[in-house]
Amino acid sequence: MSIWANVAAGPTLPTDTVDAVVVGGGPAGWTAAVYLARACADTVVLAGTAPGGQLMDTGTVENFPGFPDGIDGPELMARMREQAERAGATVLTLDADEIRYAVGSDADEIRYAVGSSAPDKAVHEVVTADGTLRARAIVLATGSAPRRLGLPGESALGGGLGVAYCAVCEAPLFKGRDVAVVGGGDSAMEEVLALAQHARRVRLLHRHDSFRATPVLLKRVRQLRNVEIRTGLVVRALRRDDGGRLAGLTVERTATGATEDLAVQGLFVAIGHDPRTRLADRFLSLTATGHLHTTGPGGATELPGVFVAGDVADDRFRQAVTAAGAGCAAALETTRYLRHLEDVHA
Ligand SMILES: Cc1cc2nc3c(=O)[nH]c(=O)nc-3n(C[C@H](O)[C@H](O)[C@H](O)COP(=O)(O)OP(=O)(O)OC[C@H]3O[C@@H](n4cnc5c(N)ncnc54)[C@H](O)[C@@H]3O)c2cc1C
């Protein structure tokens with residue numbers, strides 16, 4: 001049976017209050033769970049009904065330390081899950097549908113943000129389809145999703161077949177190839193800069209005639225000899241070769257509706273990310289980019305006992321290893337918080 005299966009006979013929702021619930025089954029969540037469980041915290045991971053996170057949509061991950069030959073994204077996620085389970089975390093492939101946060105200025109001064117009065121001090125309630133979990137601390141590691149163009153065949157061309165969302169991750173795979181980047185902001189410029197070091201030619205395609213990107217980045221892009229900037233264009237279709245890989249794009253000139261075919265082997269979509277903040281955006285501040293705002297080290301937030309980790313709080317690095325690092329830091333801070341709770345309630 002697949003390691004990702006929602007095993008009917010597997011762990012069930014604990015009825016006692018647990019130390020920590022980690023929400024999210026990506027690199028940040030699994031790493032937080034490993035550290036929490038190894039610190040002897042009673043830990044439940046709500047890995048979601050689609051566990052594994054963004055790396056489930058990729059082929060070989062070549063930049064995660066410890067795997068000199070690279071590792072398949074889903075395989076890396078399966079190994080992280082196994083490590084969390086071996087450390088003692090209970091993994092449930094359930095979504096957190098709602099969280100009723102215990103809030104207050106300190107762990108010993110708690111009131112409930114939503115719902116009825118708290119049966120315990122400093123206990124948060126996590127609502128799932130199978131019932132409600134009670135936890136002294138929460139690590140939110142719900143990740144984000146890169147925005148897609150929404151073109152037919154786009155999903156099938158992921159996983160190393162030509163359509164990509166992260167040049168830092170995949171640019172070296174396009175050495176000597178012709179690629180295109182779609183976008184007009186700083187992320188798109190960063191993608192172009194990363195790709196220009198490897199690709200033969202990079203076409204930057206933007207629907208408008210002016211760019212949102214900061215002038216210094218745009219200037220750097222304009223100076224590159226192997227970059228061609230094309231404005232006033234939208235991508236209308238993706239073409240595949242006989243092997244199912246990306247072979248080209250059909251683009252449309254917005255002013256005239258005229259179409260043109262471009263031969264490219266790679267298309268990097270850099271039109272933004274949607275962080276999954278739904279569980280907390282009524283209770284926590286958001287950054288200018290819509291990510292969860294942290295108030296201190298280890299992903300501390302305005303809510304005591306609620307920590308955030310990974311891409312849900314990170315618009316800058318967005319890497320598996322930085323998400324894992326953030327998961328580690330959040331778990332260490334959560335452990336300190338749990339000790340503090342013990343002292344307060346002793
Ligand atoms: C196509 C692609 C290729 C990439 N390649 C690389 C690469 O080669 N190297 C690299 O370092 N990085 C790569 N990245 C980036 C990397 O995948 C992310 O930075 C990393 O996965 C972020 O980890 P995370 O744990 O914060 O979030 P995510 O990976 O997004 O995981 C979050 C998880 O939380 C779950 N979740 C969300 N809401 C809930 C809820 N309410 N209840 C329960 N669960 C929930 C989601 O279903 C998901 O499983 C790639 C990204 C993409 C999209």
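Remember, it's 1-based here, ligands and their atoms both numbered in the order they're listed. Residues take their numbers from the sequence shown, with the count starting at 1.
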Give the single entry among [options] that approaches [atom] most closely by any heavy atom.
{"atom": "atom 21 (O) of ligand 1", "options": "Pro27, Gly327, Ala313, Gly24", "answer": "Pro27"}
{"atom": "atom 36 (N) of ligand 1", "options": "Thr142, Ile99, Val163", "answer": "Thr142"}
{"atom": "atom 33 (C) of ligand 1", "options": "Ala323, Gly25, Ala320", "answer": "Gly25"}

Run the numbers for me: atoms of ligand 1, each under 4.0 Å from some heavy atom of [X], listed by number.
{"X": "Ala28", "value": "25 (O), 26 (O)"}
{"X": "Val23", "value": "40 (C), 42 (N), 43 (C)"}
{"X": "Gly48", "value": "43 (C), 44 (N)"}
{"X": "Gly310", "value": "26 (O)"}
{"X": "Ser144", "value": "30 (O)"}
{"X": "Arg318", "value": "15 (C), 19 (O)"}
{"X": "Leu46", "value": "43 (C), 44 (N)"}
{"X": "Ala50", "value": "47 (O), 49 (O)"}

Identified side-chain contact (heavy atoms from CB on, under 4.5 Å) partner of [X] from the options [options]:
{"X": "Leu279", "options": "Leu284, Val127, Ile99", "answer": "Ile99"}
{"X": "Val126", "options": "Thr132, Val18, Leu46", "answer": "Leu46"}
{"X": "Trp30", "options": "Arg79, Gln83, Met77", "answer": "Met77"}

Starting from [atom], what is the nearest protein heavy atom, named by residue and atom, and what distance separates them?
{"atom": "atom 48 (C) of ligand 1", "result": "Gly53 CA, 3.5 Å"}
{"atom": "atom 51 (C) of ligand 1", "result": "Gln54 OE1, 3.7 Å"}
{"atom": "atom 26 (O) of ligand 1", "result": "Asp311 N, 2.8 Å"}
{"atom": "atom 1 (C) of ligand 1", "result": "Asp57 O, 4.0 Å"}
{"atom": "atom 27 (O) of ligand 1", "result": "Gly143 CA, 3.2 Å"}
{"atom": "atom 13 (C) of ligand 1", "result": "Cys169 SG, 3.2 Å"}
{"atom": "atom 50 (C) of ligand 1", "result": "Leu55 CD2, 4.1 Å"}
{"atom": "atom 46 (C) of ligand 1", "result": "Arg276 NH1, 3.8 Å"}

So does [Y] get a backbone contact from the side chain of [X], meaning a donor-acceptor N/O pair under 3.5 Å?
{"X": "Thr43", "Y": "Ala33", "result": "no"}
{"X": "Asp186", "Y": "Thr214", "result": "yes"}
{"X": "Asp311", "Y": "Ala323", "result": "no"}
{"X": "Asp178", "Y": "Val264", "result": "no"}
{"X": "Gln265", "Y": "Val179", "result": "no"}
{"X": "Thr277", "Y": "Ala280", "result": "no"}

Ion pair check, Glu228 and Arg203, cut-off under 4.0 Å: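 Salt bridge: yes.
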Pair Asp281 + Arg278: basic N to acidic O under 4.0 Å: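 The answer is no: the pair does not qualify as a salt bridge.
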N/O of [X] under 3.5 Å from N/O of ligand 1, yes or no?
{"X": "Tyr165", "answer": "no"}
{"X": "Asn63", "answer": "yes"}
{"X": "Ala96", "answer": "yes"}

Residue-level breakdown please: for [X] versus ligand 1, do any non-hydrogen atoms fall below 4.0 Å on the side chain, on the backbone, on both, or on neither?
{"X": "Leu279", "answer": "side chain"}
{"X": "Ala145", "answer": "neither"}
{"X": "Gln319", "answer": "both"}
{"X": "Asp95", "answer": "both"}
{"X": "Pro146", "answer": "side chain"}

Tyr35, OH: over 12 other non-hydrogen atoms inside 6.0 angstrom: no
Arg86 atom CZ: more than 12 heavy-atom contacts under 6.0 Å: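 No, CZ of Arg86 has 12 or fewer neighbouring heavy atoms, counting only those of other groups under 6.0 Å.
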Any donor-acceptor N or O pair under 3.5 Å, side chains Ser285, Glu302: yes
Pair Arg276-Thr142, side-chain donor/acceptor within less than 3.5 Å: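 Side chains of Arg276 and Thr142: no pair found under 3.5 Å.
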Beyond-backbone contact of Leu140 with Leu292, side-chain heavy atoms, under 4.5 angstrom: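 A side-chain contact under 4.5 Å exists here.
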